[in-house]
Structures are given as C-alpha cells and as structure tokens.
Protein chains: 2
Amino acid sequence: MPQQESPRDRRERDETGGGLHSRVLAELGPAIASGEHPPGTVLRIDELEARYGVSRTVVREAVRVLEAMHLVESRRRVGITVRRTEEWNVFDPAVIRWRLAGADRSRQLKSLTTLRTAVEPVAAGLAADAATPGQCRELTVLAAEMAAAGRAADLAAYLVHDIAFHRVVLEASGNEMFARLGDVVAEVLTGRTEHHVMFTAPDPEAVTLHVRVAEAVRARDAVAAESLMREICVGALRELDILAP
Amino acid sequence: MPQQESPRDRRERDETGGGLHSRVLAELGPAIASGEHPPGTVLRIDELEARYGVSRTVVREAVRVLEAMHLVESRRRVGITVRRTEEWNVFDPAVIRWRLAGADRSRQLKSLTTLRTAVEPVAAGLAADAATPGQCRELTVLAAEMAAAGRAADLAAYLVHDIAFHRVVLEASGNEMFARLGDVVAEVLTGRTEHHVMFTAPDPEAVTLHVRVAEAVRARDAVAAESLMREICVGALRELDILAP
DNA sequence: GCTCTTGAATAAGTACTACCAATGGGTGTT
DNA sequence: AACACCCATTGGTAGTACTTATTCAAGAGC
C-alpha cells in the first residue's frame with residue numbers, strides 16, 4: 001500500500017522536482033538567499049557548470065528563475081551578479097523558505113510575523129462575513145484538533161492543524177491575495193517549529209484563542225474574530241521576542 | 001544631455017529587457033494571466049517555438065520562469081499545463097501587472113486594495129516610530145507635491161508622487177516585507193490610473209489625508225498615522241466600488 | 001464476460017554539445 | 001578627454017540522444 005505523501009514530502013518534491021535544473025536551483029537559491037554569496041558577488045556560468053556538473057543549458061534555466069525572483073541579474077561580459085537584498089522578491093514562497101533556512105532566520109521570522117499581524121486579523125474579520133458553513137465547520141474541527149494535539153504535546157500534529165487553521169481563515173476571507181498568503185504563513189509556522197524557535201509545548205493560551213476565533217467566525221462576529229486573531233498574532237510576535245531577541 | 005529614464009521606462013526595460021526570452025515572457029505571461037489560455041490549457045514547446053519564431057532553448061527558459069511563478073506546470077509526455085488560478089504566485093509584481101492589464105482588472109484591483117487596507121495602516125503606524133528625519137522630510141515634500149499636482153489637475157505628476165509617498169511610508173516602517181509591497185502598491189496605483197478606474201481629477205480629500213499622514217509621522221503619532229492611512233485606503237476602496245462596481 | 005496486470009509503442013519534455021552572434025567593459029592610442 | 005578596438009562573457013540556434021509518463025492492446029486470472 002502506497003503511503004500517503006505528507007505536505008512536507010509534497011513540498012520537497014516540487015522543490016527539487018525531478019528536473020536537473022531544480023536541483024541546481026535548490027542549492028544555488030539557498031546559497032544566495034542565506035547570504036553565502038553576498039550582494040555584489042559575481043558568478044559565471046562556466047563556474048556554476050563545473051560546480052554542479054551540469055550543462056550550460058541547465059545552469060541558464062536555473063539562472064533565469066533566480067533572475068525572475070530578482071535575486072540576480074545577468075549581464076553580458078560581466079556575469080551573474082547577486083542583487084541587493086532590497087530588490088529581492090521576498091514574497092516568493094521559495095525565497096522565504098530559503099531565507100528561513102539560512103542565517104538571519106529570526107530577523108526574517110520577525111518581519112514575517114509582523115506581516116501576519118497586519119493581514120490575518122483583517123482576514124479573520126472578512127472571514128466572519130464570508131465563510132461558508134463548511135469552512136466554519138472546518139475551523140471548529142481544526143481548533144479542536146489543535147487542542148487535542150496540544151494536550152498530547154504532539155508538536156508535529158499541532159503544527160499541521162495550526163497551518164490548516166490559518167489557511168482556512170485566509171481562504172474564507174474571500175480575498176484572493178489573503179488566500180495566497182496561506183503558503184507564507186505555512187512557511188513561517190513550519191520554520192519556527194523546525195528551527196526550534198518555539199516553546200517545546202504549544203501555548204495553551206494560543207489554543208484557546210484559536211477555539212474562540214472559530215466560534216466568532218461561526219457566530220458571524222467580525223470584530224471579535226478580528227481582535228482575537230490580532231491577539232494570536234501579537235502573541236506569536238511576543239513569543240519571538242522572548243525566544244530570539 | 002541624456003534624458004533621465006522614467007520609472008515607466010525602467011519597468012518596461014527590465015520586463016522586455018533585451019533578451020529574447022523576455023520578449024516571449026512578455027507575450028505569453030499576459031496571455032495566461034489574463035485568461036486567454038484558461039487553466040487546464042495545454043501548450044507544447046514546439047507550438048510556442050513556432051508561434052514566437054524562437055528556438056527551443058528560449059521557449060524553455062520562458063517556461064521555466066512561468067513555472068517558478070506557478071502559472072504553469074511542465075510535465076513529460078503531456079506538455080505545459082496552465083495551473084489553477086489559486087496556485088498562481090499572485091504576489092509576483094509581474095503577475096500583478098499582467099493581470100491588471102487583462103480582463104478582470106477591477107476584481108483584481110479590489111482585492112489588491114483590500115490588501116493595502118490591511119497593510120498600509122500598520123506600516124504607517126510603524127513608520128511613525130521608525131522613520132528617519134530624512135524620510136519625514138521626504139513625506140512632507142511629496143505630500144506638498146501631490147497637492148500641487150492635484151491643483152493643476154496633472155494626473156501624471158500626481159501619480160508619480162502618490163507612488164513615491166506610499167513607497168516611502170512602507171520603507172520607513174522598517175519592515176522588509178512591507179517595504180517590498182511598495183512595488184505592488186505602485187502597480188495598483190499605476191493600474192488604476194492607466195485603465196481609467198479613477199476620477200479624472202485627484203480627490204482633494206485624499207490629498208489632505210496624505211498631508212496629515214506626513215504630519216502625524218513627523219509628530220511621531222503612531223495611532224494618528226495609522227488611522228489616517230486607513231482612511232486613505234478605505235477611501236480608495238470606496239472609490240473603486242463607485243467606479244467599477 | 002469482465003477486470004486486472006503486463007508490456008510495447010509513442011509522444012513529449014529533458015539534457016548535452018558545438019557553434020556563431022551580439023554586446024559592453026577594458027585598454028590603449030590619439 | 002575622446003575614440004576605436006579587442007575579447008570575455010552571455011545570448012541564441014541547431015541537432016541529437018535520453019528519459020519517462022501515458023496510452024492502448026493483449027493476455028492472464030476470476
């Protein structure tokens with residue numbers, strides 16, 4: 001019987017997905033995003049060709065992708081220059097993941113969590129108006145499962161349901177842009193768990209808040225949903241300040 | 001004397017930037033993003049090769065970029081499939097621009113403006129704490145220039161200063177993610193002006209609000225900055241509802 | 001007779017190589 | 001300081017061989 005693939009596996013798969021060029025990307029991307037090749041560094045195609053043992057074509061495809069992410073700029077007679085950090089497409093989930101795996105993880109985590117503080121409360125408020133009955137039910141179930149995983153101190157299960165919860169809220173907002181931030185939130189939550197920038201056991205306070213958000217959305221109480229979600233986010237921000245000052 | 005290149009020119013340049021593959025991208029990207037090739041459509045490399053009169057390599061490089069944006073998925077034996085809209089990287093400035101040029105422009109504009117409503121007020125609040133004296137001065141100057149352009153009914157000048165104003169606020173917030181949303185806001189403002197989803201003359205009310213935001217930031221009054229910016233954004237949202245219901 | 005497995009045919013992307021074109025930074029000359 | 005030239009480096013094309021998913025048909029088993 002074929003084992004069900006986990007979200008993690010899925011992510012891994014379409015990251016290093018079969019293609020050779022993805023393999024190069026999966027090595028070169030993190031190397032740049034983590035500051036191993038600081039801005040201004042010049043890479044040359046032949047060099048990369050040799051380093052990764054692949055053909056020019058493959059390197060060029062990988063470079064094109066990095067170029068689209070504004071991580072590098074390729075110019076004739078010069079080579080492939082690493083761009084200034086401020087130019088990077090930091091909303092690209094791949095870039096987020098690469099940076100989260102790198103050195104200034106906690107700074108990164110903080111700016112992402114600040115973004116969550118701005119976006120998620122508004123999304124929760126909208127969700128209270130727009131969520132379908134199905135989504136309301138999902139939220140209730142997920143909050144309950146978070147509570148159960150919390151009691152069992154099962155971090156992995158907690159993470160899965162936490163991610164799912166926030167994703168449903170963002171989707172239920174009915175706003176496409178918010179919905180797409182589900183991936184970003186997922187990266188943040190996964191990142192802080194994987195890199196141990198989190199309490200060893202889930203915060204019972206946070207669990208309660210999630211349950212209450214689910215209730216508020218089901219009760220169509222937009223202001224409550226918004227302020228409860230704000231509490232969750234500032235809680236996450238505070239937690240970050242304690243654990244990674 | 002070499003003419004200073006406008007922001008518009010610069011954008012055009014690194015969009016269709018010299019490279020042949022960028023030319024393909026600049027045609028294929030919008031075609032997909034605007035729904036001309038709806039999700040599920042299958043393209044084949046040879047087909048694109050013929051359509052654009054370029055070599056295989058070039059097409060593949062373009063496809064790689066679209067793949068990184070999650071607009072398409074390339075699979076052996078099947079071809080290049082356009083992905084479901086929900087999978088697209090809608091935060092990529094290029095994707096935003098392409099969609100804004102397409103059919104459901106006003107829906108798109110609305111979801112982006114909702115995003116602004118969530119983010120910009122928070123950014124303004126942070127900016128009130130973190131803006132440098134230089135940034136405070138810039139904001140004051142830009143607000144004044146907006147007022148002047150408004151009085152002169154010079155839409156083009158108004159747009160430039162409006163974009164610059166919001167960009168400075170987002171940068172002054174000190175949060176990297178917010179700062180990068182400057183491009184998104186720029187696309188939105190440009191988009192609504194270019195596609196005439198805007199009053200023919202700038203709203204005097206809005207101008208006043210910008211001036212007051214600049215004052216609040218200079219006075220280090222975070223709550224005022226936040227609520228004033230919120231007024232600007234909900235104003236923009238309301239304006240959209242009136243002009244593109 | 002129906003379903004499930006097996007395997008061959010095939011179509012499409014994937015990867016490598018070799019070669020020429022274009023361009024722009026560096027250098028040296030006036 | 002202006003200009004012309006050179007050549008390193010990326011950009012683009014063509015052809016070829018490889019890999020793998022899908023499809024479909026034939027046969028085995030029920």
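Here is how names work: the chains are called A, B, and so on, in the same order as the sequence lines, proteins then strands, and each is numbered from 1.
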Checklist entry - Between A/E73 (CD) and C/dG24 (P), how many Å, whole number? => result 12 Å

Checklist entry - So, does the side chain of B/R56 form a donor-acceptor pair with the base of D/dG15 at under 3.5 Å? => result no

Checklist entry - With sugar-phosphate meaning primed atoms plus P, OP1 and OP2, does A/R60 contact a base, only sugar-phosphate, or nothing at under 4.0 Å between heavy atoms? => result base

Item to check | Between P of C/dT14 and CD of B/E67, the distance in whole Å | outcome: 7 Å

Checklist entry - Would you say A/W88's side chain and A/V95's backbone share a donor-acceptor pair under 3.5 angstrom? => result no

Item to check | Interatomic distance where OH belongs to A/Y52 and P belongs to C/dA15 [whole Å] | outcome: 16 Å

Next on the checklist: Please check: side-chain N/O of A/T190 versus main-chain N/O of A/E187, any donor-acceptor pairing under 3.5 Å?
Outcome noted: no

Next on the checklist: Quick check on DNA chain C: between A/L20 and A/V78, whose nearest nucleotide comes earlier from the 5' end?
Outcome noted: A/L20

Next on the checklist: Can you tell me which nucleotide in C/dG25, C/dG13, C/dA15 comes closest to the side chain of B/S74?
Outcome noted: C/dG13

Checklist entry - What's the CZ-P distance between B/R75 and C/dT14, to the nearest Å? => result 11 Å

Next on the checklist: Could you tell me how far apart B/L25 (CG) and D/dG12 (P) are, to the nearest whole angstrom?
Outcome noted: 12 Å

Checklist entry - Side-chain donor or acceptor of A/R76 under 3.5 Å from a matching atom on the base of C/dT23? => result no

Next on the checklist: Quick check on D/dG11: is either OP1 or OP2 less than 4.0 Å from any side-chain nitrogen or oxygen of A/R64?
Outcome noted: yes

Next on the checklist: Can you measure B/I80 atom CD1 to C/dA11 atom P for me and round it to whole angstrom units?
Outcome noted: 18 Å

Checklist entry - Can a donor-acceptor pair under 3.5 Å be found between the side-chain atoms of A/R77 and the base atoms of D/dC7? => result yes

Next on the checklist: What contact category does B/T57 fall into here, base, sugar-phosphate, or nothing, at under 4.0 angstrom with non-hydrogen atoms?
Outcome noted: base

Checklist entry - Does any N or O in the side chain of B/D154 come within less than 3.5 Å of the main-chain N or O of B/A157, such that one atom is a donor and the other an acceptor? => result yes

Item to check | Interatomic distance where CD belongs to A/E49 and P belongs to D/dG11 [whole Å] | outcome: 13 Å

Next on the checklist: Using modelled atom types and a 3.5 Å cut-off, is there a donor and acceptor pairing between side-chain atoms of A/R23 and backbone atoms of A/Y52?
Outcome noted: yes

Checklist entry - Using the ring of each side chain (for Trp, its six-membered ring), is A/H210 parallel, tilted or perpendicular to A/F165, with breaks at 30° and 60°? => result perpendicular

Checklist entry - In whole angstrom, what separates A/R44's CZ from D/dA8's C1'? => result 10 Å

